[in-house]
Amino acid sequence: MIECSEAAELLLGQAGLDDARADRLLGEALRGMDDGELYLEYRQSESFSFDDGRLKSASFDVSRGLGLRAVAGESTGYAHASEVSEMALGRAAAAVRAVREGYTGTLALPPRGTNAALYRPDNPLDAMPFAAKVALLAEIDAYARAKDPRVRQVSASLLGEWQVVHIRRPDAAPVSDVRPLVRLNVAIVAGDGARQESGSHGVGGRTLYTDFVRAGAWQAQVDEALRQALVNLESEPAPAGEMTVVLGPGWPGILLHEAIGHGLEGDFNRKKTSAFAGLLGKRVAAAGVTVIDDGTIAERRGSLTVDDEGMPTSRTVLIEDGVLVGYLQDRLNARLMGMSPTGNGRRQSYAHSPMPRMTNTFMLAGDVPPADIVAGVQRGLYAVNFGGGQVDITSGKFVFSCTEAYRIEDGKIGRPVKGATLIGNGPDALTRVSAVGNDLRLDSGVGTCGKNGQGVPVGVGLPTIRLEALTVGGTQG
């Protein structure tokens, strides 16, 4: 992790604003408040898109800014500026002080000292020259087209960013973090006659491009995208009705993230708009179901050495053996609920106020071999990959589209199907889990979570699990 003095120089020194002056303005802004911080950010980002044999787009962006938050009771004052200067900070301080009118509080205890760095501070944008990135995408395109004559379109992209954050409070030492983030994505359209189907796969994490583009590594992403497209070419209409559903390991954890994870975030539970509100200590899932949110896994896409309030991230048990034991908390909602923050205060950028968000959310493995889980199903659906989905946090109702799924007949995985959707209720679905596999897998590092207009990188994971009597929407009865 970059030293605080280096981050301060990058974000304050270059703007002619020294530590003492920044701390004086910050102290004045937060006097009499319950909480708050100055969040400084510097970000470099780039993206390359290769489509139909040519470089379609290439972009590079640099942004810098500050966000100042003051919290009084349940009220939050937030101001941000796309420059870091004494004038901008002064104006932000004047704006957020309005939330204090008629209020006197005591500043909450500061975050405890940071934990160990979870990723290297190297800038991934500098790890490969421009020409090498373009050449890689061209090689991906050529490799995919040579693999199978049915390949009709290849799209590949590289995305990277390098973010430096510096968080100051008037009552604690400043905290800094340097966050690399990269992604490689491949999408393929394959055709047979008039029929065309697609497949896609990607990989990423808080590391350098070179970890994913070395010889033999990127080919695996192409092979997987092509495999999906060719499987979908052979698919038939999905069955419909109530049936047993088996979710495969890894990316299907996105259903857990959306249908369950959001409902366990502190703000929804404090406001009692979550289906899980008021259920701490109650059974909300079948025995054997344990759900974790862990922001401390090295180099994972959803991991953070410290969250965007300066709190160290943690491994938080949410559901233990079917019983609800915790929520995901930022500082504000934890204080108002009389709980401890869990290091889940996250924001998209300096222009956004933090809120409780997931990091890497997954279900722990059980002890059942995956083959035995499938063998126990007479008629059902085996869902391996998901696309889009919709969730109502208050009711828990969800609808998810499967991008790769198969029939299960007489305990065996059968033909691939197209057009399957899973329909259900998150809390209810957890009670329908009848088997948990011993094959926990985390996703490949491409997840992005949206909430209240903010997007942040996340990770998901799941072992193979079986759910009884789930509604499947399809085109064949």
Side-chain angles (χ1 to χ4, degrees), residues 2 4-46 59-72 75-101 103 107 110-111 123 161-179 181 304 306-311 330-332 345-355 357 450-457:
I2 194 172
C4 283
S5 58
E6 296 175 287
E9 176 60 27
L10 178 64
L11 292 162
L12 289 175
Q14 292 180 11
L17 186 63
D18 61 36
D19 286 6
R21 182 66 175 161
D23 287 341
R24 188 179 71 79
L25 290 170
L26 177 62
E28 292 174 357
L30 299 186
R31 187 176 299 117
M33 301 293 182
D34 288 321
D35 209 346
E37 72 284 315
L38 172 63
Y39 181 87
L40 304 171
E41 177 188 21
Y42 173 83
R43 187 193 305 253
Q44 294 180 2
S45 60
E46 68 177 10
S59 66
F60 176 78
D61 181 67
V62 175
S63 63
R64 180 198 305 264
L66 65 84
L68 180 61
R69 181 176 67 144
V71 180
S75 301
T76 297
Y78 195 78
H80 64 89
S82 58
E83 67 174 76
V84 180
S85 67
E86 183 172 343
M87 179 180 294
L89 180 54
R91 289 179 175 175
V96 300
R97 276 198 296 268
V99 78
R100 192 186 63 187
E101 187 171 344
Y103 187 88
L107 202 62
N123 188 338
E161 70 175 43
W162 187 69
Q163 180 193 32
V164 180
V165 301
H166 186 66
I167 303 168
R168 304 184 77 94
R169 291 171 55 92
D171 60 344
V175 175
S176 297
D177 197 16
V178 180
R179 303 167 177 172
L181 189 67
L304 292 170
V306 293
D307 72 2
D308 294 319
E309 298 178 305
M311 295 288 300
D330 62 350
R331 291 174 61 85
L332 183 150
R346 305 189 63 186
R347 66 184 96 197
Q348 179 175 310
S349 75
Y350 67 86
H352 303 85
S353 185
M355 65 178 105
R357 306 290 299 272
K451 176 180 175 181
N452 293 351
Q454 295 191 42
V456 297

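Values in this document were obtained by computation on a predicted structure and should not be read as measured data.
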Distance in Å, Met355 CE paired with Asp308 CG, rounded so as to fall on 0.5 Å steps: 10.5 Å
Heavy-atom pair with the smallest gap, counting every atom of Met33 and Ala72: SD-CB, 4.1 Å
NZ/NE/NH1/NH2 to OD/OE distance under 4.0 Å, Glu37 and Arg69: yes
Residues Arg357 and Asp330 bridged, charged N to O under 4.0 Å: no
Closest heavy-atom pair and its distance - Ala88, Leu66: CB-CD2, 4.2 Å
Inter-residue atom distance Tyr78.OH - Tyr39.OH, 0.5 Å rounding: 8.0 Å
Straight-line distance of Asp34 CG to Leu332 CG, nearest 0.5 Å: 8.5 Å
Residues Asn123 and Gln44: side-chain donor-acceptor under 3.5 angstrom: yes
Rounded distance (nearest 0.5 Å) linking atom CG of Asp171 with atom CG of Leu30: 8.5 Å
Salt bridge present between Arg168 and Asp19 (N-O < 4.0 angstrom): yes
Atom pair CE (Met311) and CG (Leu304), whose distance is rounded to the nearest 0.5 Å: 13.0 Å
Pair Asp307 + Arg346: basic N to acidic O under 4.0 Å: no
Arg64/Glu41 salt bridge by N-O under 4.0 Å criterion: no
